[in-house]
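Okay, structure first, notes after.
Here is how names work: the chains are called A, B, and so on, in the same order as the sequence lines, proteins then strands, and each is numbered from 1. Small disclaimer: the values here were computed from a predicted structure and weren't measured.
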Amino acid sequence: MSKRALKLSEEGAHLSAKQSKKHWSLGLLDSMKDPDLIYKETERVVIIRDKYPKAKIHYLVLPKDNITNIYKLEKEHVSLLEEFGELFKSIQAEYKSHILNAGFHAAPSMLRLHMHIISKDMVSPCLKTKVHWNSFTTTFFKPYKDILEELKENGFIKKMENDVHKSLMATPLKCNQCNYVPKNMPQLKDHLLSHE
DNA sequence: GTTCTAGAAC
DNA sequence: GTTCTAGAAC
């Protein structure tokens, strides 16, 4: 995330005189208010459909409180995170025939803490790049349970080193359901259909 | 995060 | 010649 985006988030996303459009990294704040995207809502939490789903089922779970990302979490947020877990359970119960994963990106691009709930098929026209793939299928994707445990244990989430992040994004493509190693993204996307 | 597209890869 | 990836976007 750029320094500029961070500054915007800290200042409450106001617009400067010269700036006509909000920075793209603030997009989730608008999506959270979009009735067409909202799937479910509680006192503390909003669940939206991802605008560019990377699998057949792809939701985002976000707090209404202004928590920027996982690295701003503290012990006091454990109960909020436990609600995330309950909401994940209820969605998994709703989609009995699908396997869903819940987790957070180690270095999210978009502001406002958001937990992905995503089906393992990874079949979607919006899944296009190696970075898309590796952000959900490598350890860049931090499972919900791991984050909850780490927060309970340490009271904060340890940042991923930049070089680790870079090498995870450069990981060669590999199927998330078998040992198939595709040559490129189109080949991977074709292959994923064979698991359907 | 997405879009666009130059030029690498095939 | 076409497909595919990767970097810029003021």
Between side-chain atoms of residues 95-108 of chain A and protein atoms elsewhere (two or more places apart, or another chain), which donor-acceptor pairs fall under 3.5 Å?
from, atom 1, to, atom 2, distance (Å)
A:Tyr95, OH, A:Tyr59, OH, 2.6
A:Lys96, NZ, A:Ala93, O, 3.1
A:His105, NE2, A:Ser135, O, 3.1

Inset, instruction - Under 3.5 Å for both distances, Watson-Crick or G-U wobble, that's the pair rule; now give the dot-bracket for DNA chain C, with | marking pairs to another strand and [ ] for crossing ones. - result: |||||||||.
Legend entry - A:Leu81 CG to A:Glu86 CD distance, which is reported to the nearest 0.5 Å: 11.5 Å
Inset, instruction - Apply side-chain contact (heavy atoms from CB on, under 4.5 Å) to A:Lys128 and A:Trp133, showing your working. - result: CA-CA 8 Å; A:Lys128 295 175 177 176; A:Trp133 182 256; over 6 Å; no
Inset, instruction - With sequence neighbours excluded, tell me which residues meet salt bridge (Lys or Arg N to Asp or Glu O under 4.0 Å) with A:Glu41. - result: A:Lys64
Legend entry - Per-nucleotide protein contact string for nucleotides 3-10 of chain C, where B marks a base within reach and S marks sugar-phosphate only (heavy atoms under 4.0 Å, - for neither): -SS-----
Donor-acceptor list for residues 157-173 of chain A side chains, cut-off 3.5 Å, not counting sequence neighbours:
from, atom 1, to, atom 2, distance (Å)
A:Ser167, OG, A:Val164, O, 3.1
A:Thr171, OG1, A:Ser167, O, 3.3
A:Thr171, OG1, A:Leu168, O, 2.7

Inset, instruction - Please determine if a side-chain N or O atom of A:Lys54 lies less than 4.0 Å away from the OP1 or OP2 oxygen of B:dT2. - result: yes
Inset, instruction - For B:dG1, take OP1 and OP2 only and decide whether either is under 4.0 Å from a side-chain N or O of A:His132. - result: no
Legend entry - salt bridge (charged side-chain N to carboxylate O under 4.0 Å, His left out) pairs, two or more places apart, involving residues 179-196 of chain A: A:Lys56-A:Glu196
Inset, instruction - Flag the pair A:Met115 / A:Phe88 as yes when at least one side-chain heavy-atom distance between them is below 4.5 Å, and no otherwise. - result: yes
Inset, instruction - Determine the contact category for A:His114: base if any of its heavy atoms lies under 4.0 Å from a base atom, sugar-phosphate if only primed atoms, P, OP1 or OP2 are that close, otherwise nothing. - result: nothing
Legend entry - Of A:Leu60, A:Val46, A:Ile47, A:Ile38, the residue whose pairing with A:Met32 passes side-chain contact (heavy atoms from CB on, under 4.5 Å): A:Val46
Legend entry - Spacing of A:His23 atom NE2 relative to B:dT2 atom P, expressed in whole Å: 14 Å
